[in-house]
Amino acid sequence: MTRTRVSFRRTARLRNAAAVACLACASCTPAAPPADLVVHNARVFTLAWPEPGLDGRPDAKAPFAPESGWHADASAVAVRDGHVMYVGTDSGALALKGNDTKVVDLAGAVLLPGMVDAHTHVAELGTSLDRVNLTQAATEAEAVELVAQRAATTPKGEWILGWGWDEGAWADRYPSKALLSKRVPDHPVLLRGLHGFAAWANEKALAGAKITASTTAPVGGEIRHGADGSPNGLFINRAVALVDAAIPNPTAVQRDSQMVRALRVMAAAGFTGVHEAGAPRDVVASLVRLDAKGALPIRVYVLLDGRDASLVHEWAQRGPRMGSDTSNLVIRAVKAYYDGALGSRGARLLADYSDRSGHRGVSGANYGFDHTVAADAMAAGFQLGIHAIGDEGNRSSLDFIDSVTKAAAGARGLRHRIEHAQVVDSADIPRFATLGVIASMQPPHAVEDMPWAEERLGKARIRGAYAWRTLRRSGARLAFSSDLPGSDWSLFYGWHSAMLRQDKQGMPAAGWYADQRMSAEEAVRGYSTWAAYAGFDENSAGTIAVGKRADFTAVSVSPFTMKDGAELMHGVVRLTVVRGRVVEGSAPPSATEQRKKLVANAVLAARAPKKKKPPRVAVVLKMNDLACLTNKVQLRSHSIKW
């Protein structure tokens with residue numbers, strides 16, 4: 001009996017010694033560094049599985065089953081030093097939590113790779129925040145009334161700028177200076193059209209710009225005249241620049257403020273990056289200044305203004321500015337302009353407009369397309385994005401890219417783009433894939449243009465317009481965007497347009513040319529995976545995967561599992577994360593920040609005059625109750641829920 005007890009005791013001592021040895025060994029191994037950010041209790045769609053088929057069908061490895069539909073492929077992510085360090089379960093991510101880790105409980109919201117708007121005019125958005133918004137004005141009289149209201153609070157003589165009247169929808173009833181000059185006689189007024197292809201001015205603005213009956217419209221532009229031969233205040237396409245030139249330029253401080261405000265608007269809308277199309281010199285300078293100060297809230301990919309030959313030449317000599325882990329600015333593309341807009345009948349067509357015999361639009365050198373500037377930029381290693389809307393504009397743009405890439409080795413492999421690719425002849429559709437040209441398209445344009453697009457093109461040509469599925473089936477790469485501020489930049493509206501081909505009211509019920517619709521996965525990839533590819537960023541972004549940049553967008557509704565379009569349109573952005581930093585949405589304070597706040601509160605309390613103590617009240621808490629209460633307080637101080 002005694003020997004048996006001794007044996008048991010020895011065994012116990014050996015086990016204890018082994019346990020201590022194991023602990024000692026474990027303590028010698030450095031622990032993995034804790035996460036800076038943990039996002040959990042989410043429905044994570046990483047998009048890290050293979051691309052869907054050209055018909056939109058999910059890949060076999062996608063988190064999709066024909067009988068049950070889509071499901072999330074993770075519930076949590078952990079981030080350190082701006083990069084994803086873990087993707088998987090809640091328990092796995094929370095195990096990486098440290099004292100200073102920010103923990104975000106998404107309470108079942110949807111977490112996606114960071115969304116990117118691949119064609120924006122953020123600079124215009126910044127200026128439009130201070131302009132008269134005419135997007136809801138249905139008539140000339142309504143627009144003038146809004147301007148008159150602004151004039152009542154604006155010092156006489158100061159410019160009043162507005163934007164948003166729809167030059168496409170108003171093409172057959174364009175306004176003139178008469179009513180605007182009568183109601184607002186003491187301020188120069190310039191009102192830009194929704195898409196920037198028309199402008200409407202009053203008499204005082206014409207005088208300020210020194211525009212008279214003898215002023216000649218530039219090639220590719222039109223100045224409308226009244227019965228007396230004087231300018232009637234309406235400028236179309238390239239003629240807009242005549243009156244634009246009279247507007248005082250913003251100062252550097254004003255421009256920087258406008259850019260930051262606009263980029264914060266984009267962050268609030270869920271975007272972690274934008275492709276700024278046609279950035280002029282002062283905007284480029286502003287972005288460079290802001291990036292040097294670390295003041296860009298989201299990533300900006302710049303397409304330089306191809307109409308500014310000196311700007312493009314300077315950058316061609318300097319070479320592209322690539323991205324880095326410490327910069328949110330990339331400058332490696334140029335935007336050229338081949339033709340005008342379809343709504344104002346400026347898009348260049350192969351045959352006459354169906355609603356205007358003898359007219360085919362404007363293009364090429366007549367619209368400011370400089371072959372030499374564009375070719376030199378491509379040869380210097382810059383991606384070229386050509387604004388092309390009409391079928392002739394798209395054909396000529398493809399021809400140009402083909403000729404330059406054959407002639408200049410430096411121009412090859414640069415993922416050149418056609419911005420809009422709005423109307424494409426059937427013979428040219430396969431050329432996008434053959435030439436490796438990206439079709440950079442805007443889903444909202446289809447549903448916004450549908451009231452009049454078929455009138456411009458006719459029933460045959462409309463089949464090649466806004467033809468996302470046809471282009472996809474041909475093997476072309478797409479990227480999606482809003483073309484803001486001309487269109488609503490809401491992610492939910494963009495997805496809704498791509499998936500349903502319906503307007504915001506859900507019309508037409510069956511979708512406009514519904515055979516061109518995108519699947520939910522394609523709609524989301526258009527603003528993430530495909531946009532990342534268009535900006536040479538696919539190795540760092542576009543999907544949620546370990547090692548990639550921690551750019552995330554969290555939304556309240558899943559496009560993958562939505563019930564209907566109305567549900568999608570009522571979605572809201574919950575969180576925007578750029579390089580692991582929450583730039584939109586609430587984030588809890590870290591433990592260190594909490595301790596500093598507690599100390600500060602204690603100091604303030606000690607300095608405050610002492611109040612008369614209230615009567616004592618006896619409170620009895622069991623230790624277990626106190627521990628439980630403490631844990632709850634700690635957890636709540638470290639978490640966010642929606």
Side-chain angles (χ1 to χ4, degrees), residues 118-127 192 196-197 218-221 237-238 240-242 244-256 258-259 262-263 274-292 296 299-323 327-339 364-388 397 400-401 404 408 410-411 414-419 440 483 534-536:
H119 185 110
T120 67
H121 303 285
V122 169
E124 290 184 24
L125 174 61
T127 57
R192 293 290 297 269
F197 294 99
V219 176
N237 293 317
R238 295 196 70 197
V240 172
L242 294 176
D244 260 349
I247 300 172
N249 290 324
T251 65
V253 172
Q254 289 171 332
R255 178 62 85 186
D256 289 357
Q258 291 170 355
M259 294 303 295
L263 290 170
V274 296
H275 292 190
E276 181 69 346
R281 182 180 296 275
D282 71 316
V283 170
V284 175
S286 174
L287 291 169
V288 171
R289 283 194 302 270
L290 292 169
D291 189 56
L296 293 178
R299 187 176 175 86
V300 182
Y301 181 91
V302 173
L303 290 82
L304 300 167
D305 182 1
R307 285 177 173 164
D308 187 337
S310 62
L311 175 68
V312 176
H313 178 72
E314 289 171 19
W315 277 93
Q317 294 296 311
R318 184 183 308 176
R321 171 176 170 151
M322 307 302 192
S327 171
N328 271 344
L329 181 63
V330 177
I331 304 174
R332 63 176 301 179
V334 172
K335 182 188 176 186
Y337 302 79
Y338 197 84
D339 63 356
N366 290 338
Y367 201 69
F369 185 79
D370 190 317
H371 289 69
T372 301
V373 169
D376 288 348
M378 294 168 69
F382 282 81
Q383 178 192 59
L384 185 68
I386 304 179
H387 165 111
S397 296
F400 176 77
I401 292 172
V404 176
L414 295 178
R415 305 178 186 180
H416 302 297
R417 306 154 52 148
I418 290 187
E419 306 300 317
S440 174
D483 194 17
F536 301 89

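Because the structure is predicted, anything quoted here is derived from the model rather than measured.
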*Asks:* Any Lys/Arg nitrogen of Asp291 or Arg299 sitting under 4.0 Å from an Asp/Glu carboxylate oxygen of the other?
*Replies:*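 No salt bridge links Asp291 with Arg299.
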
*Asks:* Which class fits the ring pair Phe382 and Trp315: parallel under 30°, tilted 30 to 60°, perpendicular over 60°?
*Replies:* perpendicular

*Asks:* Could Glu124 and Arg192 be called an ion pair, given the rule that one side-chain N must be under 4.0 Å from one carboxylate O?
*Replies:* no

*Asks:* Is there a donor-acceptor contact under 3.5 Å linking the side chains of Arg318 and His313?
*Replies:* no

*Asks:* Do you know which two heavy atoms are closest between Gly381 and Leu414, and how far apart they sit?
*Replies:*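 Scanning both residues, the minimum pair turns out to be C-CD1, 3.6 Å.
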
*Asks:* Quick one about Ser310 and Arg281 (side-chain donor to acceptor, distance below 3.5 Å, no hydrogens or angles considered), yes or no?
*Replies:* yes

*Asks:* Could you tell me which non-hydrogen atom of Ser440 sits nearest to which non-hydrogen atom of Arg417, and how far apart they are?
*Replies:* OG-NH2, 3.7 Å

*Asks:* What pair of heavy atoms forms the shortest contact from Ala534 to Gln383, and how long is it?
*Replies:* O-NE2, 3.0 Å

*Asks:* Regarding Asp256 and Arg289, does a basic nitrogen lie under 4.0 Å from an acidic carboxylate oxygen?
*Replies:* yes

*Asks:* Does the ring centre of Phe400 sit less than 6.0 Å away from the ring centre of His371?
*Replies:* yes

*Asks:* With no hydrogens and no angle check, do the side chains of His387 and Glu419 hold a donor and an acceptor under 3.5 Å apart?
*Replies:* no

*Asks:* How far apart are the closest heavy atoms of Ala377 and Val334, and which atoms are they?
*Replies:* CB-CG2, 3.9 Å

*Asks:* Where is the tightest heavy-atom contact between Gly385 and Leu303, given as atom of each residue plus distance?
*Replies:*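 Smallest interatomic distance, heavy atoms only, reads CA-CD2, 4.4 Å.
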
*Asks:* Does Arg307 make a cation-pi contact with Tyr337, if we ask for NZ or CZ under 6.0 Å from the ring centre and within 45° of the axis?
*Replies:* yes

*Asks:* So which heavy atom on Ala336 is nearest to which on Leu384, and how close?
*Replies:*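 Scanning both residues, the minimum pair turns out to be CB-CD1, 4.1 Å.
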
*Asks:* Evaluate Leu304 against Lys335 for side chain to side chain contact (heavy atoms under 4.5 Å, CB included), listing each step before the verdict.
*Replies:* CA-CA 6 Å; Leu304 300 167; Lys335 182 188 176 186; over 6 Å; no

